[in-house]
Amino acid sequence: MTRIFSGVKPTGHLTLGNYLGAVRRWADVDQRRADALFCVVDLHALTVDHDPARVRRLSRQAATLLLASGLDPRLCTVFVQSHVDEHARLSYLLECVATDGEMRRMIQYKEKSARERERGGSVRLSLLTYPVLMAADILAYGTDEVPVGDDQAQHVELARDLAVRFNQRYGHTFVVPRATRPAVAARVMNLQEPTSKMGKSEDVGPGIVYLLDEPDVIRKKVMRAVTDSGRDVVYDREAGPGVANLLEILAACGGGDPEALSGTYASYGALKKDVADAVVEVLRPVQQRHKELCADPAYVEDVLRQGAEKARKTARPTVDEAYAAIGLLPAG
Ligand code: TYM
């Protein structure tokens, strides 16, 4: 059976980008057609300046939102990365296969380290090695497919490279995974800055729709979205990124094709109104279920405990095999 693995990093509140680019597909399709594991990748939240209490809070919230979005523990495994030692165990071995040049070429490292230095801060070594840990997340489970948004494609490519290199050097150990992306909304853009990704780690901004935003806040954010200088509603990511982004969000929420939808609008105002309605409707059941789950934290904890147990059992044999293949003595 196809094995699927993906994750979300608790560095901020989950956004509409996370939902449309990844989480919704996990719930609607992936968990039903494969042996799927979904993970709150908390170790990845420690690569930048962090507040321990906030990471804890956001990890719990992310797990609750994954369940609220429809991940069903009877169909898939939901867990927290740090509860399963195999991720960190395997990461070190993969550091011995990756090169530092490879790490420095990663776009997210370049961008985030530059931002950190601009602020006068120091760059944690873990920010550089982060993609290796991500490769370990994926390879530990014999993963075939990694459903992600566009921004993670380069990281999944690295996981493929490391799997192939390890297998060539030390004998076949890892499945070589591949990224899968959604048909639309693989890169939801910031509503105020439609040439930048809608990212959760940025400061709270009027251009980011969070999954737990109240309906009137969502409406305000969408109605104030930056559009383009023309007046016609056309789908052109290069010439009109603001309108193209709205059309993609609408297509992702309501079905349909952004290009075809563009022909049905005479004004930006009418488009924005429909986008706002569509987003509010898509998020309504998630918010409702989130509220219910918040009233039952013991249930969420139980799901995570059982998920970690299952994940450990799945990852252990592959990671043990990698330890043996690379030349380490078995513990006996
Ligand atoms: P993260 O937490 O930034 O994002 C989680 C998922 O949401 C997708 N995504 C988006 N999709 C469309 N438009 C956007 N604006 C947008 N923003 C985020 C991401 O592509 C991702 O699929 N490194 C990963 C977490 C990770 C992981 C893994 C993923 C760690 N280990 C192993 C898959 C497999 C990350 O930072 O995702």
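Counting starts at 1 for both ligands and their atoms, in listed order. Residue indices begin at 1 and follow the sequence shown. These numbers come from the heavy atoms of this one structure, side chains and all, not from hydrogens, waters or symmetry mates.
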(message) Between Asp302 and Arg305, does any NZ, NE, NH1 or NH2 come within less than 4.0 Å of an OD or OE carboxylate oxygen?
(response) yes
(message) If the threshold is 4.0 Å, N to carboxylate O, is there a salt bridge linking Arg219 and Glu214?
(response) no
(request) Ignoring hydrogens and angles, state whether a donor on the side chain of Asp274 or Tyr265 is under 3.5 Å from an acceptor on the partner side chain. (result) yes
(request) Return the protein residues near ligand 1 (heavy atom under 4.0 Å from any of its atoms), ordered by chain and residue number. (result) Phe5, Ser6, Gly7, Val8, Lys9, Gly17, Asn18, Gly21, Ala22, Val41, His44, Tyr130, Met134, Asp137, Ile138, Val146, Val148, Gly149, Asp151, Gln152, Ala185, Ala186, Arg187, Val188, Lys197, Met198, Lys200
(request) Quick one: list whatever passes salt bridge (charged side-chain N to carboxylate O under 4.0 Å, His left out) with Asp72, sequence neighbours left out. (result) Arg74
(request) Could you please spell out the steps behind the side chain to side chain contact (heavy atoms under 4.5 Å, CB included) verdict for Tyr210 and Val217? (result) CA-CA 10 Å; Tyr210 294 100; Val217 174; over 6 Å; no
(request) Please name the residue in the list Asp144, Asp35, Thr143 that meets the side chain to side chain donor-acceptor pair (under 3.5 Å) test with Arg3. (result) Asp35
